[in-house]
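Working notes, structure below.
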Amino acid sequence: MTTTTTTEEHDERETHVTGATVWLTGLPSAGKTTIANELAGRLRDGGRRAEVLDGDEIREFLSAGLGFSREDRHVNVQRIGFVAELLASNGVTVLVPVIAPYADSREAVRKRHQTEGTPYLEVHVATPVEVCSERDVKGLYAKQAAGEISGLTGVDDPYEAPESPDLRIESHTQTVQESAEALYALLTERGLA
């Protein structure tokens, strides 16, 4: 006997897929994007819908024209938070490796998710500034030291580390895979993986 699935049954199953936003905050070159990409691959391999909202790509396509003042950074974080919640509310696990240096901006994103009933996790990739400046993936620390740029988060611009994140990852003491595994374990524990 052949079983057919109606569109209504299919739609009902789709609505039971729980998405979530996982915001990875930390200093430049802390390892946020690397961990997010590693976890996204694992989630996709397991059949989950996962997207990475990379901060640099967002600035290029969604927040072009914004600077790095406190106000512009807040607007950028709110735009990213809006897109993340929209995707997460539709069953996507959204990984957001974005510095988001100010606690009030991150809290506003968390509140948007709470209001909409969408799961939200804040992960602090707590890599010390000395390690980040050695990694210097984009050459920002070298440019700041040479006086070519100013306003570098954690050096000459503030970074307000989360006081009570859902998870703190010390990426300088473990591999990328171990960091992604710790985050995957948290998602599993919360019923989101």
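The analysis underlying the following values was restricted to heavy atoms, covering all of them including side chains, and did not include hydrogens, waters or symmetry mates. For reference, positions follow the sequence shown, starting with 1.
Residues Ala30 and Arg135 share a closest heavy-atom pair of O-NH1, 2.7 Å. In terms of heavy atoms, Asp104 sits closest to Glu160 at N-OE1, 4.4 Å. Closest heavy-atom contact between Arg168 and Ala126: CG-CB, 3.8 Å. In terms of heavy atoms, Pro97 sits closest to Ala36 at CG-CB, 4.0 Å. Contact record, Val109 with His113: O-ND1, 2.9 Å, taken as the closest heavy-atom pair. Taking each heavy atom of Arg106 and Ala100 in turn, the nearest pair found is NH1-O, 2.6 Å.
With Phe68 as the aromatic partner, Arg73 does not meet the cation-pi criteria of under 6.0 angstrom to the ring centre and within 45 degrees of the ring axis.
Residue Thr93 holds its OG1 atom at 13.0 Å from CZ of Arg42, rounded to the nearest 0.5 Å. Atoms CD and OG1, on Glu51 and Thr21 in that order, are 12.0 Å from each other to the nearest 0.5 Å. The structure places CG of Leu24 at 8.5 Å from OG1 of Thr33, a figure rounded to the nearest 0.5 Å. The CG atom of Leu39 sits 9.5 Å away from atom CZ of Arg44, with the distance rounded to the nearest 0.5 Å. Atom CD of Glu60 sits about 10.5 Å away from atom CD1 of Ile58, to the nearest 0.5 Å. Atoms CD and CG, from Glu178 and Leu183 in turn, are 14.0 Å apart once rounded to the nearest 0.5 Å.
Checking Ser29 against Asp136 by side-chain atom types alone, no donor-acceptor pair falls below 3.5 Å. For Thr25 and His124, the side-chain atoms include no donor-acceptor pair closer than 3.5 Å. A donor-acceptor contact closer than 3.5 angstrom is absent between the side chains of Ser179 and Ser171. Side-chain contact of Ser89 with Glu116: a donor-acceptor pair under 3.5 Å is absent, judged by distance alone. A side-chain donor from one of Asn76 and Ser63 sits under 3.5 Å from a side-chain acceptor of the other.
Residues Pro119 and Arg190 form no side-chain contact, since every pair of their non-hydrogen atoms from C-beta on lies 4.5 Å or further apart.
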side-chain contact (heavy atoms from CB on, under 4.5 Å) between Arg49 and Leu87, worked out: CA-CA 10 Å; Arg49 294 167 54 205; Leu87 289 167; over 6 Å; no
Would Glu148 and Gln144 count as a side-chain contact (heavy atoms from CB on, under 4.5 Å) if you check the C-alpha gap in whole Å, the side-chain angles of each, and the deciding distance to 0.1 Å? CA-CA 6 Å; Glu148 296 173 24; Gln144 190 277 336; over 6 Å; no
Can you list the steps and then say if Arg110 with Asp166 is a salt bridge (Lys or Arg N to Asp or Glu O under 4.0 Å)? CA-CA 12 Å; Arg110 179 186 294 277; Asp166 294 283; 3.5 Å; yes
If you apply the rule side-chain contact (heavy atoms from CB on, under 4.5 Å), what do you find for Thr127 with Lys32, and how did you get there? CA-CA 10 Å; Thr127 309; Lys32 300 177 300 296; over 6 Å; no
Stepwise, does the salt bridge (Lys or Arg N to Asp or Glu O under 4.0 Å) test hold for Arg70 with Asp157? CA-CA 10 Å; Arg70 184 179 180 108; Asp157 209 54; over 6 Å; no
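Put simply, Trp23 and Val92 are part of the same group of oily side chains (I, L, V, M, F, W, Y) that touch within less than 4.5 Å, one to the next. Cluster annotation: Phe82 is connected to Leu53 through the hydrophobic network of ILVMFWY side chains, with a link wherever side-chain heavy atoms come within less than 4.5 Å. Val83 and Val77 fall within a single hydrophobic cluster, where Ile, Leu, Val, Met, Phe, Trp and Tyr are joined by side-chain heavy atoms under 4.5 Å apart, directly or via other members. Val98 and Ile35 fall into different hydrophobic clusters, where Ile, Leu, Val, Met, Phe, Trp and Tyr side chains are chained together by heavy-atom contacts under 4.5 Å. Put simply, Ile169 and Leu43 are part of the same group of oily side chains (I, L, V, M, F, W, Y) that touch within less than 4.5 Å, one to the next.
Applying the under-4.5 Å side-chain rule to Ile, Leu, Val, Met, Phe, Trp and Tyr, the cluster around Ile149 extends to Leu27, Ile99, Val129, Leu140, Tyr141, Leu152, Val155, Tyr159.
A distance-only check finds a donor-acceptor pair linking the side chain of Arg59 to the backbone of Leu66 [under 3.5 Å]. Here the side chain of Arg112 pairs no donor or acceptor atom with the backbone of Glu107 at under 3.5 angstrom.
With a 6.0 Å radius and a threshold of 12 heavy atoms from other residues, nucleotides or ligands, Glu163 has its CD atom at or below the threshold.
Of the residues listed (Leu121, Val52, Val94, Leu186), the one engaging Val22 in a side chain to side chain contact (heavy atoms under 4.5 Å, CB included) is Leu121, and it is the only one.
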